[in-house]
> 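Sending over a structure as structure tokens; questions will come in a sec.
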Amino acid sequence: MSDASRASASDPATSELKAPEPVAVFAPGGYDADPARLNNARGYFESRGHRFIAALDADKRHARFSADDDERLRQLQRVIDAPDIGIALAMRGGYGATRLLPRIDFDAMAEAIARYGRRFVGHSDFTAIQLGLLAKTGAISFAGPMAGPDFGGSAVDAFTESHFWRAMIERRVDAEFPTRHEPVRANGVLWGGNLAMIASLIGTPWMPAVKDGVLFIEDINEQPYRIERMLLQLAQAGVLERQRVVLCGDFSGYATVTYDHGYDVEAVFDYVRSVTSVPIVTGLPFGHCPKKLTLAVGAMIEVAVSGGRCRLQQQWDLNAGASS
């Protein structure tokens, strides 16, 4: 996202906690093709004083998954049950979380959040678990960076790092980014994530019924017509019209072809605007991109668009779930 680098962030909250909490990494979906990234993530957190708990075996894989379904479920249950974990971070996305949904103890997950202040963080395929948690319990989780792609490389993006620690420590989001949209003011429960995962949950018990909410979306490697088809599915299912605003993050990894005749993601958003009355605001620094916000899924958020800028403000209490 070309504008993401210009999204504002005040000085980092502080990348250190007064008493650094243990950070656990688990892999509910795919395996990381580079096992070294787990050790790189370990080095990042341990250098800041955090005890690092790897609930996965980085050298293990089962087909395209990090492990078979039973083992991936055990990983998740381990980070739910352990009383001393502060941050539970997904290793990466991929695919696999959907297979676990009927067997996840969402009540226990919500209890760990309320009792221990546990922050479950991830995006991409992890969206399925986050939205299942919200639908079943109203508990808050976090759409944000993951251990492999974001903390497991040679360097951590400064924007991503700053906003991650602000969310983890200060329990707030305060961000601004450029956008091309007429003035908008809205507030509501923030929910969403990966568009393909959201669409896949329609008609299931794990799809949150959020009314007057703020929906955010992103995706990767999806051609424009597929993005449009998923958005129309949300519109035709009545989901979009129940929202106050839709925030569009990074949609990358696709390539238009001659057959498209200029039909790209911006053309998709323009068309969706013509079939829904809900404001479609682009430019959100979030998704499969180096620079990303950390957002509290299930918490109230204020959105204000004016003068070509979008301002987001969010604060939360992990002991109080959102109303959906």
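These numbers come from a predicted model, not from an experiment. Residue indices begin at 1 and follow the sequence shown.
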> Judged by atom type as modelled, is there a donor-acceptor pair below 3.5 Å linking the side chain of E241 to the main-chain atoms of S277?
yes
> Nearest 0.5 Å, please: how far is CG in L134 from CZ in F106?
10.5 Å
> With sequence neighbours left out, write down each residue that passes side chain to side chain contact (heavy atoms under 4.5 Å, CB included) with E71, or none if nothing qualifies.
K60, A67, D68, R74, Q75
> Can you measure from CG (D150) to CZ (F164) and round to the nearest 0.5 angstrom?
9.5 Å
> Return yes if some donor-acceptor pair links the side-chain N/O of S66 with the main-chain N/O of A27 below 3.5 Å, else return no.
yes
> Measure the spacing between CD of Q130 and CG of D125 and express it to the nearest 0.5 Å.
10.5 Å
> Is there a chain of hydrophobic side chains (I, L, V, M, F, W, Y, each step under 4.5 Å between heavy atoms) that links I202 to F216?
yes
> Each residue besides Y116 in its hydrophobic cluster should be listed here, by chain and number; the cluster joins Ile, Leu, Val, Met, Phe, Trp and Tyr at side-chain heavy-atom distances under 4.5 Å.
none
> Taking N187's backbone N and O only, do any of them form a donor-acceptor pair with R244's side chain (distance below 3.5 Å, no angle check)?
yes
> Between L131 and M300, is there shared hydrophobic-cluster membership here, with clusters defined by ILVMFWY side-chain heavy atoms closer than 4.5 Å?
yes
> Taking the inter-plane angle between the rings of F45 and F52 on a 0 to 90° scale, is it parallel (under 30°), tilted (30 to 60°) or perpendicular (over 60°)?
parallel
> Is it true that S252 and H288 share a donor-acceptor pair across their side chains at a distance under 3.5 Å?
no
> Do R51 and D84 meet the salt-bridge criterion of a basic N to acidic O distance under 4.0 Å?
yes
> Taking only distance into account, with no hydrogens and no angle test, what donor-acceptor pairs under 3.5 Å do side-chain atoms of residues 190-199 form with protein atoms, sequence neighbours excluded?
| from | atom 1 | to | atom 2 | distance (Å) |
| --- | --- | --- | --- | --- |
| W191 | NE1 | Q243 | OE1 | 2.9 |
| N194 | OD1 | A196 | N | 3.3 |
| N194 | OD1 | M197 | N | 3.1 |
| N194 | ND2 | E218 | OE2 | 3.3 |
| N194 | ND2 | D219 | OD1 | 3.1 |

> Do D174 and R311 meet the salt-bridge criterion of a basic N to acidic O distance under 4.0 Å?
yes
> Contact between I129 and W206 at the side-chain level, heavy atoms closer than 4.5 Å - yes or no?
no
